[in-house]
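Within every chain, numbering begins at 1; the chains are lettered A, B, ... in the order of the sequence lines, protein sequences first and strands thereafter.
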Number of protein chains: 2
Amino acid sequence: MRGMSGSSESLERRGRSPDAGQEASEDTGLPRQAWTLLFELMHAHMRNFPALAAEFELSPVQAHVVRQLGEGPLAMSTLANYLSCDASNVTGLVDRMEARGLVERRSSEQDRRVKMLVLTEAGVALRERLLERLAEPPELIAALSDEDLRALRDIMRRALRSQ
Amino acid sequence: MRGMSGSSESLERRGRSPDAGQEASEDTGLPRQAWTLLFELMHAHMRNFPALAAEFELSPVQAHVVRQLGEGPLAMSTLANYLSCDASNVTGLVDRMEARGLVERRSSEQDRRVKMLVLTEAGVALRERLLERLAEPPELIAALSDEDLRALRDIMRRALRSQ
DNA sequence: TATTGTTATACTCTATAACTATA
DNA sequence: TATAGTTATAGAGTATAACAATA
């Protein structure tokens, strides 16, 4: 479909040799080396995201909204914030998802300017299938050894802890 | 801006406890545990990609094209392939980038149906700045210990090797 | 006055279908 | 006939600006 594309090319300016990122003292370059490779893998995968969303007849953004909307009512302004987009876009986005019966607008009783979004029953069901699909590891990951997987999992936990 | 949003929410259906992904036998769930956490970090970061592209007055897709176009002439159809989009879109995309002086169309001499894309001098200069910017590790990664960074780098190398 | 959501407008990205020029 | 790129058209996502309702 569209979106970020994958690449087998390194981000390093020096070129694409298998050990690009080995230059300079290892310690000064270490975060950059690790990040560059991680970024490459990320883009290789994100390239498939629009197609994955399309499996559920969702646009990439809609898939993301369904994913975000799991934790109960969310103000439209909060959603705009999560999506890093202008509030005006959320109106049309929610219009389309509401027309498909995935979400509902409910006026807040505390502040009548605010409209809270909730998934419909159909939305919740779709979300469960989507999350299940998203959690399927791609080949690139599934092919790693158990030792690497354990290490990767633990490193990711430590990285996300600081969030 | 827009795009994938970050989330502090786990993909696991069971919930968002710090050790979601710990359930079941560790070995059967290991790829999924590692992937779920990696996916979370990916999305947290991809959320910033449109803003990063905008630093260079590029749309996300244009930024991606600049990145891809580093290895010399590329047929428009090949670019469409890389972008996982229809060839008709590449016409407009390249029109806009050509108008900005970033790329040039050159008719192939082997097959006069084909047009090869090359970065202009300005395009090359922009690409170098962009790659430099993309290679900057985000805080989440930069904060990891050297030991974790080394392990992460090596695991990513092994994962990408199988590509 | 400030904030929430909407509307209006414009641009980019995307898909499909029909077209052209080559092969 | 088949392929590479274009054009036409339509829909989705995005930004900015102006607006109504509410705080």
Side-chain angles (χ1 to χ4, degrees), chain A residues 1-5 46-54 56-66 68 73-100 102-117, chain B residues 1-5 46-54 56-66 68 73-100 102-117:
Chain A
M1 307 253 151
R2 83 228 77 147
M4 311 299 171
S5 138
M46 291 321 285
R47 184 182 179 180
N48 301 319
F49 190 78
L52 193 157
F56 301 88
E57 295 179 280
L58 296 171
S59 74
V61 176
Q62 287 172 346
H64 188 60
V65 171
V66 168
Q68 285 291 359
L74 209 67
M76 298 193 54
S77 56
T78 308
L79 181 56
N81 224 26
Y82 279 155
L83 296 175
S84 307
C85 78
D86 191 86
S88 63
N89 300 313
V90 177
T91 297
L93 179 62
V94 170
D95 282 349
R96 290 182 286 271
M97 294 182 71
E98 200 170 28
R100 264 196 60 189
L102 297 175
V103 301
E104 270 181 30
R105 286 170 163 100
R106 292 189 191 156
S107 279
S108 163
E109 292 175 0
Q110 283 81 38
D111 183 339
R112 288 190 309 181
R113 291 173 303 180
V114 174
K115 288 179 187 163
M116 305 301 287
L117 299 175
Chain B
M1 307 255 148
R2 86 226 76 149
M4 311 299 170
S5 138
M46 291 320 286
R47 184 181 181 181
N48 301 319
F49 190 77
L52 193 156
F56 301 88
E57 295 180 279
L58 296 171
S59 75
V61 176
Q62 287 171 346
H64 188 60
V65 171
V66 168
Q68 285 291 358
L74 209 66
M76 298 193 54
S77 56
T78 308
L79 182 57
N81 224 27
Y82 279 155
L83 296 175
S84 307
C85 78
D86 190 86
S88 63
N89 299 314
V90 177
T91 298
L93 180 61
V94 169
D95 282 350
R96 289 182 286 271
M97 295 182 70
E98 199 168 30
R100 265 195 60 188
L102 297 176
V103 301
E104 269 181 32
R105 285 169 162 103
R106 293 189 192 157
S107 279
S108 162
E109 293 175 359
Q110 284 81 37
D111 184 338
R112 288 189 309 181
R113 292 173 302 179
V114 173
K115 288 179 187 163
M116 306 301 287
L117 298 176

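- Residue A:Gln62 places its side chain closer to D:dG13 than to any other of C:dT14, D:dG13, C:dT12.
- The shortest distance between the side-chain N/O atoms of A:Ser88 and the OP1/OP2 oxygens of C:dA8 is not below 4.0 Å.
- Under the 4.5 Å side-chain criterion, counting only non-hydrogen atoms from C-beta, A:Leu83 is in contact with A:Leu93.
- D:dT22 atom P lies 15 Å from atom CD of A:Glu109, rounded to whole Å.
- Under the salt bridge (Lys or Arg N to Asp or Glu O under 4.0 Å) criterion, A:Arg96 pairs with no residue at all, not counting sequence neighbours.
- Residues B:Ala53 and B:Ala63 approach most closely at CB-CB, 3.7 Å, considering heavy atoms.
- Spacing between atom CG of B:Asp86 and atom P of D:dT7 amounts to 15 Å, rounded to whole angstrom units.
- Checked for salt-bridge contact, A:Asp95 and A:Arg100 miss the test: no charged N lies under 4.0 Å from a carboxylate O.
- Distances shown here put every side-chain N or O of B:Arg100 at or beyond 4.0 Å from the OP1 or OP2 atom of C:dT12.
- Between A:Lys115 atom NZ and C:dT3 atom C1' the separation is 14 Å, expressed in whole Å.
- Side-chain atoms of A:Arg47 and B:Ser84, non-hydrogen and from C-beta on, do get closer than 4.5 Å to each other.
- Atoms CZ (A:Arg106) and C1' (C:dG5) sit 18 Å apart, rounded to a whole Å.
- For A:Ala87, the listed nucleotide lying nearest its side chain is C:dT6; candidates were D:dG5, C:dT12, C:dT6.
- Atom pair B:Arg112:CZ and D:dT6:P shows a separation of 16 Å (rounding to whole Å applied).
- For the pair B:Met76 CE and D:dT7 P, the computed distance is 10 Å after rounding to whole Å.
- Taking atom CG on A:Asn89 and atom P on D:dA17, their separation rounds to 14 Å, with Å as the unit.
- Between B:Met116 and B:Val114, the shortest heavy-atom contact is SD-CG1, 3.7 Å.
- Note that OG1 of A:Thr78 and CG of A:Leu117 are 9.0 Å apart. Values are rounded to the nearest 0.5 Å.
- Near-neighbour residues of DNA chain C inside residues 91-99 of chain A, defined by a heavy atom below 4.0 Å, number-ordered: A:Thr91.
- With hydrogens and angles left out, the side chain of A:Arg113 and the base of C:dT3 share a donor-acceptor pair within 3.5 Å.
- Here the nucleotide nearest the side chain of A:Cys85, chosen from D:dT6, D:dT14, C:dG5, is D:dT14.
- Protein atom CG of A:Leu58 is 19 Å distant from nucleotide atom P of D:dG11, rounded to whole Å.
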